[in-house]
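Below: the structure, in structure tokens.
A, B, ... follow the sequence lines: proteins, then strands. Residue 1 opens every chain.
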There are 2 protein chains.
Amino acid sequence: MTPRRPTGDELVEMLAALANPLRLRIVAQLAVVGRDYVSHLAREIGISRPLLHMHLQRLEAAGLIVGSLELSEDGKAMKFFEVADFDLHLSAATLAEAVATLTPPDSDKGPSHKERS
Amino acid sequence: MTPRRPTGDELVEMLAALANPLRLRIVAQLAVVGRDYVSHLAREIGISRPLLHMHLQRLEAAGLIVGSLELSEDGKAMKFFEVADFDLHLSAATLAEAVATLTPPDSDKGPSHKERS
DNA sequence: TTCACGTGTCAGAACTTTCTTACACATGAA
DNA sequence: TTCATGTGTAAGAAAGTTCTGACACGTGAA
């Protein structure tokens, strides 16, 4: 089944995660090959491992990919990633809906909790 | 009719334009009220006019809204904006397709290299 | 021990985005 | 003229993103 519709904030995070050519490539690559581990994927795409690590984190935080740390036969820890099941529909109407669940614009002038000491 | 499917680069630009709560609000507001001019929209949303101007530019460049400069009855130049007709479908499969039309990663050196698994 | 492979993280440079404040120009009405 | 309305742009601060080049840790094999 398809996952539930994201909140406005979640949608922004997903869009931000996808709004980058490198991350789009990463998702596409995982979509094609099914799953892969970090070092190999970095070689495949042609970027440094720390850089890929950063992008994978962003994609995973947005819920677009999922990772799992596994042990290979020769005892190495390997982190595999695959694409999550997502399906976003973006039109003026759906965006208007999502905006309704967006965190209100920063108004820390108002009386809220204990902000500072 | 629905507009043609964007290239990878265009898609990235559209996603980047939407990946911002303020711009999402702008699109939503225009979707609801139909059309509006810059100064009024700024008051409506509660941000400065120069700031709105910048966001509108970004949205228009991405093809998500369209603007037209008109003359009011009392002779003032007024720039009206409305949402464009867009309808994006984002899933692992459609993203993989879009990536195929993405500008190749910056390779001002050696030519492409056969990748191996 | 050393090497080849895997994992992760940190610091800083370079760049981009976001936002404010200030300026310039136009019009019609008082 | 001055005020209130509309348009646009530019400079610079602040914050965020992207990327490289170390570093630290693990394993199994030579």
Steps toward side-chain contact (heavy atoms from CB on, under 4.5 Å) verdict (A/Asp9, A/Thr101): CA-CA 7 Å; A/Asp9 294 329; A/Thr101 63; over 6 Å; no

Which sits closer to the 5' end of DNA chain C, B/Met54 or B/Pro50, going by the nucleotide each is nearest to?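 It is B/Met54 whose nearest nucleotide is closer to the 5' end.
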
Rounding to an integer number of Å, can you tell me how far [X] [atom1] sits from [N] [atom2]?
X: A/Arg58; N: D/dT17; atom1: CZ; atom2: P; value: 5 Å
X: A/Leu71; N: D/dC25; atom1: CG; atom2: P; value: 20 Å
X: B/Lys79; N: D/dT5; atom1: NZ; atom2: C1'; value: 18 Å
X: B/Leu51; N: D/dA11; atom1: CG; atom2: C1'; value: 16 Å
X: A/Leu59; N: D/dT18; atom1: CG; atom2: P; value: 10 Å
X: A/His53; N: D/dT20; atom1: NE2; atom2: C1'; value: 16 Å
X: B/Arg43; N: D/dT7; atom1: CZ; atom2: C1'; value: 13 Å
X: B/Phe80; N: D/dG8; atom1: CZ; atom2: C1'; value: 17 Å

Neighbours of DNA chain D within residues 7-22 of chain B, by heavy-atom distance under 4.0 Å: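 Going residue by residue through residues 7-22 of chain B, none turns out to have a heavy atom under 4.0 Å of DNA chain D.
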
Using a 4.0 Å cut-off on heavy atoms, which residues in residues 24-32 of chain B reach DNA chain D? List them by number, or say none.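 Contacts with DNA chain D under 4.0 Å: none.
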
Verify side-chain contact (heavy atoms from CB on, under 4.5 Å) between B/Arg5 and B/His89, making sure each step is shown before the conclusion. CA-CA 10 Å; B/Arg5 189 182 275 132; B/His89 187 225; over 6 Å; no

Any side-chain to backbone donor/acceptor pair from A/Glu60 onto A/Gln57? Under 3.5 Å, distance only.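 Side chain of A/Glu60 to backbone of A/Gln57: no pair is present.
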
Option from B/Leu18, B/Val83, B/Leu30 for which side-chain contact (heavy atoms from CB on, under 4.5 Å) with B/Leu64 holds: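 Looking at B/Leu18, B/Val83, B/Leu30, the match for B/Leu64 under the side-chain contact (heavy atoms from CB on, under 4.5 Å) is B/Leu18.
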
Residue mapping more 5' on DNA chain D - nearest nucleotide basis, A/Glu73 or A/Arg49: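 Between the two, 5'-proximity favours A/Arg49.
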
What I want to find out is whether B/Lys76 reaches B/Glu70 closely enough, with some N-O distance under 4.0 Å, to be called a salt bridge.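 The answer is no: the pair does not qualify as a salt bridge.
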
Residues A/Arg25, A/Glu44: salt bridge by 4.0 Å N-O rule: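 No, A/Arg25 and A/Glu44 are not salt-bridged.
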
Just the endpoints, please: which first and last nucleotides of DNA chain C, 5' to 3', lie under 4.0 Å from a heavy atom of chain A?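 It runs C/dC5 to C/dT9.
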
Closest to the B/Ser39 side chain: D/dT7, D/dG6, D/dT9?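 Of the options given, the side chain of B/Ser39 lies nearest D/dT7.
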
